[in-house]
Amino acid sequence: MESKESFSLESALNTSLFKKSSSTKETTVSNSTAPSFVFGQNISDRVVGLAENSEKPKSVHVEKDGDKNSNLFACAEECIENGAKSSNDVVTESEIKTPLEEVPKFTGEENESNVMQAHCKIFQFEGGESQSWLERGSGIIRLNDMNEGENVQSRLVMRRHGTYQVILNTKIFPEMSVDRPNPKAIRLSAITDNGIKTFLVKGNPVDLSRLYSALEYRVMEAKNRSESSSKNVSEVSNSSPDDESSTSSSHTQSNERLASSKNE
């Protein structure tokens, strides 16, 4: 009995081992014969809800280096051509536009002759508590002459650089004071909207010496004219009453003669 039972156990073990080996062989054969799976293959068929008539993805064209260079050169040529066309269009548009007319400049010095001009800086004396010199600006000071009948009237004009704002505009008058505190400066008095003010002109010594001599000469001429005109006025006002009586008597005598001649 024991021998039979052992024989049955051995046969059962052999059959189980045979089945396992056969199953492993089948799996290996099935794996070897099965097609190789590629990740992402036919993924459009596996997507749920994908439209049947959807377009397939377009194939990407990989450009070579030669194609890239040719495309770059073609783009550059197009840009150059477009730029040339646009510049030509701008030129034609500017030619079509009406040209701007030059506006005539009026400075108020058209009827005056310029004697001299110099580049300088000007300061104005501020009285009161400050007692200081205030800078008015730098520019070109001009000495002009203008004929007024038999006499010549002169004036000083100065405009600020850049803005051309008038910072000095005065006539040469008899009471005008002109002196030189140092070779690089001229101190003078000028007529302003707030009365007579004192100014200091700084610049090149050579230009200032010429300006000083020209101003001094014109101030002396203005004094002489004012003195001569005052003398004429005083002579007329200081005429004697005897002269007036003689002139009145002569007028009466002439009137009497005319009346007697009419009666005759």
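In plain terms, the two heavy atoms of Arg155 and Asn169 that are nearest each other are NH1-OD1, 3.0 Å. Nearest heavy-atom pair across Pro181 and Ala185 is CD-O, 3.7 Å. Here the closest non-hydrogen pair linking Ala222 and Pro174 is O-CG, 3.6 Å.
Identified under the ring-ring contact (aromatic ring centres under 6.0 Å, His included) test for residues 112-154, with sequence neighbours left out: His119-His161, Phe125-Trp133.
Distance CG/Asn144 to OG/Ser113: 7.0 Å, rounded to 0.5 Å. Taken from CZ in Arg136 to NZ in Lys197, the straight-line distance is 10.5 Å, to the nearest 0.5 Å. Taken to the nearest 0.5 Å, the OG atom of Ser229 stands 10.5 Å off from the CG atom of Asn224. The OG atom of Ser138 sits 8.5 Å away from the CZ atom of Arg160 when rounded to the nearest 0.5 Å.
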Candidate pair Ser189 and Thr198, rule side chain to side chain donor-acceptor pair (under 3.5 Å), full reasoning: CA-CA 4 Å; Ser189 59; Thr198 304; over 6 Å; no
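The backbone N or O of Val152 sits less than 3.5 Å from a side-chain atom of Arg225, completing a donor-acceptor pair. No donor-acceptor pair under 3.5 Å is formed between the side chain of Gln117 and the backbone N or O of Asn114. Judged purely by atom type and a 3.5 angstrom limit, Gln165 has no side-chain atom pairing as donor or acceptor with the backbone of Thr163.
In summary, Glu112 and Arg142 do not engage in a salt bridge, as defined by a charged side-chain N under 4.0 Å from a carboxylate O. Salt bridge status for Arg218 with Asp145: present, with a side-chain N to carboxylate O gap under 4.0 Å. Under 4.0 Å is where a charged nitrogen must lie from a carboxylate oxygen, and between Glu109 and Arg159 at least one such pair does.
Summarising the hydrophobic clusters (Ile, Leu, Val, Met, Phe, Trp, Tyr; side-chain heavy atoms under 4.5 Å, direct or chained), the residues clustered with Met116 are Val115, Ile122, Ile141, Leu143, Leu156, Met158, Ile167, Leu168, Ile172, Phe173, Met176, Val178, Ile186, Leu188, Ile191, Ile196, Phe199, Val201, Leu208, Leu211, Tyr212, Leu215, Val219.
At least one side-chain heavy atom of Ser209 sits under 4.5 Å from a side-chain heavy atom of Arg180.
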